[in-house]
Amino acid sequence: QVQLVESGGGLVQAGGSLRLSCAASGSIFNIGTMGWHRQAPGKQRELVAAITSGETTNYADSVKGRFTISRDNAKNTVYLQMNSLKPEDTAVYYCNAVVRLKFGGPWSAYWGQGTQVTVSS
């Protein structure tokens, strides 16, 4: 099986920065797109940023210019650098990855357990 473990969440003042990390482990053949989603209380989960295996990136309009997603394929890890944080960025942040367990096998999506990010005004 595959596990995604997030770290780096916490409490920060508005204007501050945080860096989230998510490491994938298990019986992985290769990893496709990796991404970060977030869910605020009473709201639906939304895509924050995604990065393909070729390192093409995609961002939600609300975070463009403030957040940067990156990945280290050797470590099976995806990062989210969050700068100029705003109170509306407060949410539980989840990483996900599309993974193949063997050559020619199907792609399956896996999710981390989530990490809380709280931005105070």
Side-chain angles (χ1 to χ4, degrees):
Q1 279 296 339
V2 175
Q3 290 186 326
L4 301 180
V5 179
E6 299 120 332
S7 61
L11 173 64
V12 65
Q13 288 189 331
S17 298
L18 283 174
R19 188 190 193 211
L20 305 183
S21 300
C22 173
S25 62
S27 301
I28 297 170
F29 177 72
N30 66 345
I31 302 177
T33 298
M34 304 182 81
W36 290 94
H37 293 66
R38 67 186 180 188
Q39 187 167 19
K43 295 188 177 182
Q44 289 188 330
R45 189 175 297 190
E46 62 175 356
L47 174 68
V48 175
I51 183 168
T52 68
S53 57
E55 303 200 10
T56 298
T57 58
N58 180 43
Y59 296 93
D61 288 342
S62 59
V63 307
K64 283 180 181 177
R66 300 188 298 122
F67 291 9
T68 302
I69 190 170
S70 61
R71 64 192 286 169
D72 184 334
N73 291 327
K75 296 180 179 179
N76 288 341
T77 298
V78 62
Y79 306 96
L80 186 68
Q81 178 67 43
M82 305 185 293
N83 298 329
S84 302
L85 282 160
K86 304 175 181 180
E88 51 263 44
D89 294 318
T90 295
V92 178
Y93 283 70
Y94 299 89
C95 75
N96 83 306
V98 180
V99 175
R100 276 197 304 186
L101 303 182
K102 60 181 180 180
F103 176 77
W107 292 95
S108 300
Y110 294 87
W111 290 86
Q113 80 287 354
T115 185
Q116 177 70 46
V117 171
T118 303
V119 184
S120 63
S121 57

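All values reported here derive from a predicted model rather than from experimental measurement.
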Can you check side chain to side chain contact (heavy atoms under 4.5 Å, CB included) on Thr90 and Gln116, steps first, answer last?
CA-CA 8 Å; Thr90 295; Gln116 177 70 46; 4.0 Å; yes
Less than 4.5 Å apart, any side-chain heavy atom of Trp111 and any of Val2?
no
Stepwise side chain to side chain contact (heavy atoms under 4.5 Å, CB included) test for Asn30 and Trp107
CA-CA 9 Å; Asn30 66 345; Trp107 292 95; 3.6 Å; yes
Classify the angle between the aromatic ring planes of Phe103 and Phe29 as parallel (below 30°), tilted (30 to 60°) or perpendicular (above 60°).
perpendicular
With sequence neighbours left out, which residue pairs that include part of residues 26-53 fulfil the salt bridge (charged side-chain N to carboxylate O under 4.0 Å, His left out) condition?
Arg38-Glu46, Arg38-Asp89
Any chain of hydrophobic side-chain contacts (each under 4.5 Å) joining Met34 to Val63?
yes
Nearest heavy-atom pair of His37 and Asn96: which atoms, and what distance?
CE1-OD1, 3.4 Å
Does Glu55 have more than 12 heavy atoms from other residues, nucleotides or ligands lying within 6.0 Å of its CD?
yes
Looking at side-chain heavy atoms only, is the closest gap between Gln81 and Ser17 below 4.5 Å?
yes
One should read off an interatomic distance between Met82 CE and Ile69 CD1, to the nearest 0.5 angstrom, of 11.5 Å
Using side-chain heavy atoms (C-beta onward) and a distance below 4.5 Å, is Ile31 in contact with Asn73?
no
Side-chain heavy atoms nearer than 4.5 Å, only ILVMFWY residues, links allowed to pass through others: does that put Val92 and Leu80 together?
no
Heavy-atom closest pair, residues Leu4 and Cys22:
CB-SG, 3.8 Å
Same apolar cluster: Leu18 and Tyr94, side chain cutoff 4.5 Å:
no
Short question: side chain of Arg71, backbone of Thr52 - any donor-acceptor pair under 3.5 Å?
yes
Taking all non-hydrogen atoms of both residues, which atom of Arg100 and which atom of Pro106 are closest, and how far apart?
CG-O, 3.6 Å
Are Glu6 and Leu20 side-chain neighbours, meaning at least one heavy-atom pair lies under 4.5 Å?
no
In terms of heavy-atom contacts, Val117 and Gly9 come closest through CG2-CA, 4.2 Å
Tell me whether Val78 is reachable from Tyr110 by hopping between hydrophobic residues (I, L, V, M, F, W, Y) whose side-chain heavy atoms are closer than 4.5 Å.
yes
Should Ser108 and Val99 count as side-chain neighbours, where that means a heavy-atom distance under 4.5 Å?
no
Side-chain touch Val119/Glu88, heavy atoms, less than 4.5 angstrom
no
As an exercise, state the distance from CG of Leu47 to CH2 of Trp36, rounded to the nearest 0.5 Å.
12.5 Å
Mind checking whether Thr68 and Tyr79 have side chains closer than 4.5 Å, heavy atoms only?
no
Closest non-hydrogen atom pair, Ser121 against Ala14
CA-CB, 4.4 Å
Measuring only between side-chain heavy atoms, which start at C-beta, is Ile51 closer than 4.5 Å to Tyr59?
no
Report the distance from atom CG of Asn83 to atom CZ of Arg19, rounding to the nearest 0.5 Å.
11.0 Å
